[in-house]
Amino acid sequence: AVWKYGVPGDYNFDPLNLYSSCGDDFKGRKGLRDVELSHGRVAMLGITYFAGWEALTHHPIVENNMLFHPNALLPALVLGATAWQQIYEVGPLNEYPIEIKYTNEGEMKLNRVKNGIAGTMAKVSASGAENKAKLDELDDKFDIYAAPGKFAKSVRST
């Protein structure tokens, strides 16, 4: 069945329910069709610009773009933005000054991250000190710190 305000070819196919966002009437549907046309035209102008720029410069415009080549920068940016949003929230943008404050649990999460980093650093430094003590003990028994120098000296003498 054709929707009563439709146009030829409009069989009321709207799986994302976009028509209801602009009002499911003649003006809403006409507005969405106009927006779709204008976005399509802007996209065509954009791709034409890309082709023209590549023709003028003989250099690909998307050669080193993080959106077209797999690398770790884009996932790192997304991860950082997601982590930031877990801790901070931005106040209303129509008020001056724009306020950045902790979320309800943001300060607690930030303290947990700081304590986790401090704990990890303490474990690493304790492990390093323990390993240094073991190596010092082995040096006392076998003189291992002098071994590389002795080896280099013997190689040079040959």
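Residue numbers count from 1 along this sequence.
Smallest separation of non-hydrogen atoms from S154 and S157: O-OG, 2.8 Å.
Taking Ile, Leu, Val, Met, Phe, Trp and Tyr as hydrophobic and joining them when side-chain heavy atoms fall under 4.5 Å apart, one finds V155 in a cluster with F151. Cluster note: I117 groups with V113, M121 through ILVMFWY side-chain heavy atoms spaced under 4.5 Å, whether in direct contact or through intervening members.
Between L110 atom CG and M108 atom CE the span is 11.0 Å, to the nearest 0.5 Å.
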Side chains of residues 142-150: which donor-acceptor pairs under 3.5 Å do they make with residues two or more places apart or in other chains?
residue	atom	partner	partner atom	Å
D143	OD2	K150	NZ	3.3
Y145	OH	D136	OD1	2.9

Got a list of side-chain donor-acceptor pairs under 3.5 Å for residues 41-56, not counting sequence neighbours?
residue	atom	partner	partner atom	Å
T48	OG1	M44	O	2.7
E54	OE2	I61	N	3.1

Show every donor-acceptor pair shorter than 3.5 Å between a side-chain atom in residues 85-95 and any protein atom, with sequence neighbours excluded, or say none if there are none.
residue	atom	partner	partner atom	Å
Q86	OE1	K109	NZ	2.9

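Evaluation of the side chain to side chain contact (heavy atoms under 4.5 Å, CB included) rule for N17 yields D14, S20 as partners, not counting sequence neighbours. When the salt bridge (Lys or Arg N to Asp or Glu O under 4.0 Å) test is applied to K134, the partners found at least two apart in sequence or on another chain are E130. A search for salt bridge (Lys or Arg N to Asp or Glu O under 4.0 Å) contacts involving D140 returns nothing, not counting sequence neighbours.
For residues 96-105, there are no side-chain hydrogen bond (donor to acceptor under 3.5 Å, both in side chains) pairs, not counting sequence neighbours. Contacts classified as side-chain hydrogen bond (donor to acceptor under 3.5 Å, both in side chains) and involving residues 110-126 (residues at least two apart or in different chains) are not found.
Counting heavy atoms from C-beta outward, P75 and L79 have side chains that stay 4.5 Å or more apart.
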